Amino acid sequence: MSKKLATADHEDHRGRFAYAQALCSPFSLPPRDDDVADDPRNLLMYLVAIAWMYVVLMMAVAEAFSPQGTVLGALVTLVFYGLLPLSIVMYLMGTPRRRAARRRAETDDAAQAARATKADQADEAATAARAPASPQPDDGGHAAAAQPIDTFVAERKES
């Protein structure tokens, strides 16, 4: 086996190790902004959450059916060992995804606003090209508006 082939084989294993490490540790690599939903670390996060809830559920069942245990103790175990900590961890672990989605929405909004501004400028330029500016304030080519009849004040006869 040549040295070049051995080096390529070693680099291939190192790449596989990095991928496996990324799968096993959700904290090892920063999230990708381009495609956060397909990140395998998100699947791992949900797998860990499901496993943790299974363990806590089994703890709560053991507490409920224990001779010294109560159903209230099982509910407290379920809430304080399972639901509350897991909701906090899932919220914190979802922060990069929410941040990426917010950045994506902001860039989309900025691009849409830029397109709208360009369209408005093009419309204004087309309007300005069609109608030349008038030198007189009332040089529109139509008669001046008359006062409506309702606005005249009726005069009374003196008696």
Side-chain angles (χ1 to χ4, degrees), residues 1-134 137 140 145 148 150-151:
M1 193 193 263
S2 69
K3 185 174 184 177
K4 186 175 183 182
L5 184 60
T7 305
D9 190 39
H10 176 68
E11 289 175 2
D12 186 41
H13 287 299
R14 190 172 19 174
R16 289 181 187 166
F17 176 73
Y19 182 72
Q21 184 181 10
L23 283 177
C24 294
S25 174
F27 301 108
S28 62
L29 297 173
R32 300 176 308 196
D33 285 339
D34 59 341
D35 199 8
V36 178
D38 292 336
D39 198 354
R41 290 174 291 167
N42 290 331
L43 297 175
L44 182 70
M45 180 176 70
Y46 291 124
L47 182 66
V48 169
I50 291 167
W52 179 253
M53 282 310 297
Y54 175 76
V55 169
V56 170
L57 182 66
M58 291 298 111
M59 289 171 55
V61 167
E63 175 76 25
F65 289 118
S66 170
Q68 293 90 10
T70 62
V71 175
L72 179 63
L75 289 174
V76 168
T77 299
L78 187 67
V79 170
F80 288 116
Y81 282 128
L83 297 177
L84 184 65
L86 190 64
S87 64
I88 293 170
V89 168
M90 293 296 285
Y91 177 77
L92 292 176
M93 295 293 289
T95 299
R97 180 185 300 176
R98 288 190 308 275
R99 186 178 301 139
R102 185 174 58 238
R103 284 182 187 157
R104 227 182 337 237
E106 288 172 357
T107 56
D108 290 347
D109 290 346
Q112 186 178 5
R115 284 192 302 268
T117 302
K118 281 185 179 180
D120 289 344
Q121 290 173 351
D123 289 344
E124 289 174 5
T127 304
R130 277 183 279 154
S134 172
D150 298 348
T151 58

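What you see is a predicted model; the values in this text were computed from it and never measured.
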Undergrad: Using side-chain heavy atoms (C-beta onward) and a distance below 4.5 Å, is Leu83 in contact with Met53?
TA: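 A side-chain contact exists here, since the closest heavy-atom pair is under 4.5 Å.
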Undergrad: Going by side-chain hydrogen bond (donor to acceptor under 3.5 Å, both in side chains), name the pairs with one or both residues in residues 83-95, residues two or more places apart or in two chains.
TA: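 Applying side-chain hydrogen bond (donor to acceptor under 3.5 Å, both in side chains) to every pair that reaches into residues 83-95, excluding sequence neighbours, yields Thr95-Arg98.
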Undergrad: So, taking the atom named CG in Leu57 and the one named OG1 in Thr77, what distance separates them when rounded to the nearest 0.5 Å?
TA: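 If we round to the nearest 0.5 Å, Leu57:CG and Thr77:OG1 are 11.0 Å apart.
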Undergrad: Look up atom CD1 in Ile88 and atom CG in Leu92, then write down how far apart they are to the nearest 0.5 Å.
TA: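 Rounded to the nearest 0.5 Å, the CD1-CG separation comes out at 7.5 Å.
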Undergrad: Could you list the residues that satisfy side chain to side chain donor-acceptor pair (under 3.5 Å) with Arg99, not counting sequence neighbours?
TA: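 With sequence neighbours excluded, Arg99 shows a side chain to side chain donor-acceptor pair (under 3.5 Å) to no residue whatsoever.
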Undergrad: Rounded to the nearest 0.5 Å, how far does CD of Gln112 lie from OG1 of Thr107?
TA: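 Between Thr107 OG1 and Gln112 CD, I get 11.5 Å after rounding to 0.5 Å.
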Undergrad: Roughly how far, to the nearest 0.5 Å, is the CD1 atom of Ile50 from the CE atom of Met45?
TA: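 Answer for the CE-CD1 pair, Met45 versus Ile50, is 10.5 Å.
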Undergrad: What are the two closest heavy atoms between Ala74 and Ala64, and how far apart are they?
TA: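 Heavy atoms of Ala74 and Ala64 come nearest at CB-CB, 3.8 Å.
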Undergrad: For Tyr81, is there any backbone N or O sitting under 3.5 Å from a side-chain donor or acceptor partner on Trp52?
TA: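 A pair under 3.5 Å: yes.
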Undergrad: Which heavy atom of Gly82 sits nearest a heavy atom of Pro85, and at what distance?
TA: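 Minimum heavy-atom separation between Gly82 and Pro85: O-CD, 3.6 Å.
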